[in-house]
Amino acid sequence: MLYAQVVLPLAQPMYSFSVDEALGVVEGDAVVVQFGPSRYYTGIVWSLSSERPSYPRIKPILKRLYSAPLLTPEAQRLWEWMAEYYMCSVGEVMRLALPSLAKPSATSLAALDERSIEPPMESFVALTPELRTEEALAAYAEQHSRRAPRRTAVMDRIAALAIERNASDGFVPRRLVDATAEQLADLRKRGLVLSEQRPVERSHSATEFLLPTLSEAQAHALAAIRKAHSDNKVALLHGVTGSGKTEIYVHLIADALAAGRDVVMLVPEIVITSQLIERLERIFEGRTTTYHSRLTALRRGQTFLRLALARGGELVVGVRSSLFLPVHRGALVIVDEEHDPSFKQSDMQPRYNARDMAVVMSKTHAAKVVLGSATPALESYLNALAGKYAYVELKERWGEGVLPEVIVSDTIRSVKRGERKTHFNFDLLNHISRSLAAGEQAILFQNRRGYAPYLQCRTCGYSPRCPHCNVTLTEHRATRRMECHYCGYTIERPQVCPNCETQDIATMGFGTEKVEEEISRLFPEARVDRLDGDTSTSERAFKQIVHRFESRETDILVGTQILTKGFDFAGVTTVGILNADNLLTTPDFRASERAFQLMMQVAGRAGRRNDRGRVVVQTSQPKHPVIQYVASGDYHAMARTELAEREAFGYPPYAHLIRLTLSNADYELLRHASHALAEAMRRKFGARVMGPVSAAREMLRGEHRSELMLKIESGASMSRARKLLREAIAVVAEAKEYKSVKIYVDVDAS
Ligand code: ADP
Ligand code: ZN
């Protein structure tokens, strides 16, 4: 008899089950077990042993689900690493990684039938049979090449490929034909070309791709990354916005696929990345799988299963959770925009950072890892300085693109001189006018959605707040409501002050909705659109806004930080940052770094095809060092100053921060529990413990929250720190009086 340790999707340790050898169960397999009197779970067999565990009753594994293990041994090591480092159970990793399998019922399994998994398809094209002889094609070319040179060139290319590849039926992969979708559609309509879908082949001969030709600087960067990988090093690709990092990734991806290796490309958000995905899909037709939270649990489960059954050569583009997909040893892992905060999951366990996990994969999976950014995270930059990562820099934009000129516009001075209308300094308005007059476009960035971040009564000073979260409610004109941006609570906009009943309520501050309204009034002839969480509630709405701006149906695009994420709009020559001050003043040790990254990223949307890009930064602190670094575009200077400061105060990357958040509806109980935990921790960690203090969100969804911070200097043993911390937490978690207090651990909190 064999015994299996099985992971269930629970915040609990693993359980043992007995295995009937006839089932043929192996490690990594998905199996069904009964747990509790009437619940059935899908679990993963973590290990097998012939030694009987010491419990009195051991239940059997009921069923083996698939013909191959769902997890590779590499993935098992990664999950274990993650559970240990982020202080959660492997079951919690499973719950996140396998949403469709994690439900406690056997019926959800019926939905995943491995026979129903369809192979990915790609399109093949051929000349119509009448044109397949050399004479016929030559005759056609003679007649048409003058009037339709592009069309005949495409046809020539198809004919040449068919000969070159010995295609007896004349069909060749569409991805090798250098033509746009419109051109091919036109050829089909004219009856000159046929097309059909065929399953993607993964043999080596099927992995030729039409790749972009690299500039000299790009080719150097590519060679440096390949070198890093052959030395088993992580590569940090620091390339300014528009330097063509994607083109370099494309070459690395092609290398990997041709060698039958898997590729995982992590991006901050999938919808925002649609431009990128289309580009990849054109090159690697039928081979790209996208993975993100907007897919149904079923779809994600199917993707997981398909990859588990595949033999390699898969290309996944997705958000942070793509990291859990079962890829093979030697995979290429690209983290694009590696500085982006969305790679860190902070709202539930495991509170992991996908960029850091990608680096772990260079060990568990012998993965070849590339971190790419125009504004690398200081953590990555320091690792590069220390020689831990290979540092690869691209300082110039590709082609004719030149980095934009940055104009710092002093808001206070503008007000004094009467050179400001509503929220716009004349500096900015002048540049917008210039762009519009030249038929070019403008982007306006404001880090807040809604109309006004709060209302205030001019008579009594009252502001409507969320009763559950204790933050001011944001006014939204479109819906005529006030909304809490933390929990979604809404009320109707009051017309009289709910406190003193006067009618003198003022809107304070400004969000994107107000910017849109004001700019439309100032430029009545311009077509203005807005891109933020309120206008892009669906993928479709989002794509339409982006498409309208891309095709120049709109002239000015107002938006939140969504705009900072990698867009490539050819027509933009003016970018306005409306209020840099609120980026500089967030109470967070990363504030300067984040402000710099955000501003550089929005700035990077200007002038991507020419030398006329300019960025106007409106601020009341024009001398602020971060503003100065943005003006000079000097990442290195920002990084040096900021690193010195972090080192002096013992912040990351010179230390690890572990945040403990406690929450309870009863404020007094919470206070006691927090002090008890602080005391237990101080006994072990002394002055490394900070707090307790009220959490940054002191109330959330009706619960009070408090926070403790633990600072572990780099170089100290993190595994020992975690062990001590677990013991300290147990003191409070196991005390009867604190039973109802929830404690969350966030390792490498930001
Ligand atoms: P980044 O991601 O570094 O900001 P992108 O990869 O988006 O830059 O490239 C910016 C623009 O320049 C894109 O439109 C891209 O197609 C173009 N480009 C960059 N390198 C090349 C190249 N080698 N060949 C053709 N086009 C390129
Ligand atoms: Zn709220």
Side-chain angles (χ1 to χ4, degrees), residues 409-429 444-524 528 530 532-535 558-560 576-587 591 617-622 624 694 696-702 704:
S409 180
D410 185 340
T411 301
I412 294 177
R413 209 168 118 162
S414 301
V415 172
K416 279 191 191 143
R417 296 186 168 188
E419 295 179 351
R420 183 168 161 100
K421 270 189 205 157
T422 64
H423 295 98
F424 305 91
N425 299 352
F426 283 5
D427 291 330
L428 176 55
L429 291 177
L444 300 177
F445 168 71
Q446 168 64 352
N447 210 13
R448 284 207 151 116
R449 68 189 171 87
Y451 191 80
Y454 62 106
L455 296 183
Q456 194 167 40
C457 172
R458 273 194 250 256
T459 308
C460 74
Y462 174 86
S463 293
R465 289 175 166 266
C466 173
H468 311 292
C469 306
N470 198 25
V471 291
T472 58
L473 297 173
T474 300
E475 179 185 13
H476 288 259
R477 280 277 157 101
T479 54
R480 294 213 183 86
R481 294 186 79 81
M482 308 286 299
E483 184 186 316
C484 168
H485 283 186
Y486 287 99
C487 75
Y489 169 86
T490 74
I491 55 166
E492 217 171 285
R493 184 197 194 279
Q495 297 307 318
V496 297
C497 173
N499 188 44
C500 71
E501 304 195 347
T502 54
Q503 284 192 359
D504 202 12
I505 301 182
T507 35
M508 308 297 284
F510 63 106
T512 44
E513 210 182 352
K514 196 169 189 177
V515 175
E516 183 188 20
E517 184 186 286
E518 291 176 350
I519 203 73
S520 306
R521 213 175 293 142
L522 291 167
F523 295 97
V528 182
R530 173 160 56 94
D532 60 23
D534 296 320
T535 59
V558 178
T560 53
I577 296 173
L578 291 177
N579 185 1
D581 298 350
N582 64 15
L583 300 175
L584 298 171
T585 51
T586 51
V617 183
Q618 298 190 152
T619 176
S620 61
Q621 308 171 63
H624 193 291
S694 293
R697 297 265 38 78
E698 51 189 284
M699 242 187 138
L700 188 66
R701 298 184 191 93
H704 298 275

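For the numbers below, each heavy atom of this structure counts, side chains included, while hydrogens, waters and symmetry mates do not. For this chain, numbers begin at 1 and follow the sequence in order.
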Practice item. Measure across K421 and L429 and return the closest heavy-atom pair with its distance rounded to 0.1 Å. Key: CB-CD1, 4.2 Å
**Study point:** Close side-chain approach of Y462 to C500, heavy-atom, < 4.5 Å
**Key:** no
Study note, to complete from the structure: When rounded to the nearest 0.5 Å, the distance separating CD of Q456 from OG1 of T472 is 10.0 Å
Check your understanding: How far does NE2 of H423 sit from CD1 of I519, to the nearest 0.5 angstrom?
Key -> 12.0 Å
Revision key, fill the gap. d(M482 CE, E492 CD) to nearest 0.5 Å is 11.5 Å
Check your understanding: Taking all non-hydrogen atoms of both residues, which atom of L455 and which atom of S463 are closest, and how far apart?
Key -> O-OG, 2.9 Å
Practice item. Tell me, with the steps shown, if L578 and F424 meet side-chain contact (heavy atoms from CB on, under 4.5 Å). Key: CA-CA 7 Å; L578 291 177; F424 305 91; 3.8 Å; yes
Check your understanding: If you take all heavy atoms of M508 and P453, which pair is closest and at what distance?
Key -> O-CD, 3.1 Å
Point to revise | Listed partners of F523 passing ring pair (Phe, Tyr, Trp, His ring centres under 6.0 Å), at least two apart | key: none
Practice item. Could you walk me through whether Q618 and L428 pass side-chain contact (heavy atoms from CB on, under 4.5 Å), step by step? Key: CA-CA 8 Å; Q618 298 190 152; L428 176 55; 3.6 Å; yes
Exercise for review: For residues R481 and T490, report the shortest heavy-atom separation together with the two atoms involved.
Suggested key: NE-OG1, 3.0 Å
Review point. If you measure from CG on L444 to CZ on R530, what distance do you get to the nearest 0.5 Å?
Key: 13.0 Å
Practice item. Please identify each residue that fulfils side-chain contact (heavy atoms from CB on, under 4.5 Å) with D581, with sequence neighbours left out. Key: N579, T619, S620, Q621
**Study point:** For T479, all residues meeting side-chain hydrogen bond (donor to acceptor under 3.5 Å, both in side chains), sequence neighbours excluded
**Key:** none
Exercise for review: Report the residues that fulfil side-chain contact (heavy atoms from CB on, under 4.5 Å) with E419, sequence neighbours left out, ordered by chain and then residue number.
Suggested key: S414, R417, F426
**Study point:** Distance (rounded to the nearest 0.5 Å) between D410 CG and R420 CZ
**Key:** 10.5 Å
Check your understanding: Is the side chain of E518 donor-acceptor paired with the backbone N or O of T422 at a distance under 3.5 Å, no angle test?
Key -> no
Point to revise | Partner set under salt bridge (Lys or Arg N to Asp or Glu O under 4.0 Å) for R493, not counting sequence neighbours | key: E475
Review point. For R448, does its backbone N or O pair with a side-chain atom of T560 as donor and acceptor, under 3.5 Å?
Key: no
**Study point:** For S409, side-chain hydrogen bond (donor to acceptor under 3.5 Å, both in side chains) partners two or more places apart
**Key:** N425, D427
Check your understanding: Can you name the nearest heavy-atom pair linking C457 to C460, along with the distance?
Key -> SG-N, 3.3 Å
Point to revise | Any residue meeting side-chain hydrogen bond (donor to acceptor under 3.5 Å, both in side chains) with S694, in chain and number order, not counting sequence neighbours | key: none
Check your understanding: For C497, does its backbone N or O pair with a side-chain atom of T502 as donor and acceptor, under 3.5 Å?
Key -> no
Check your understanding: Which heavy atom in K514 sits nearest to a heavy atom in T507, and how many Å separate them?
Key -> NZ-OG1, 3.8 Å
Point to revise | Any residue meeting side-chain hydrogen bond (donor to acceptor under 3.5 Å, both in side chains) with E483, in chain and number order, not counting sequence neighbours | key: R449
Point to revise | Contacts of type ring pair (Phe, Tyr, Trp, His ring centres under 6.0 Å), residue H624, not counting sequence neighbours | key: none
Review point. Quick one: salt bridge (Lys or Arg N to Asp or Glu O under 4.0 Å) partners of D504, sequence neighbours excluded?
Key: R458
Review point. Mind checking what makes side-chain contact (heavy atoms from CB on, under 4.5 Å) contact with E517, not counting sequence neighbours?
Key: Y451, R477, R521
Exercise for review: Taking side-chain contact (heavy atoms from CB on, under 4.5 Å) as the test, write out the residues that go with L700, two or more places apart.
Suggested key: C469, Y486, R705
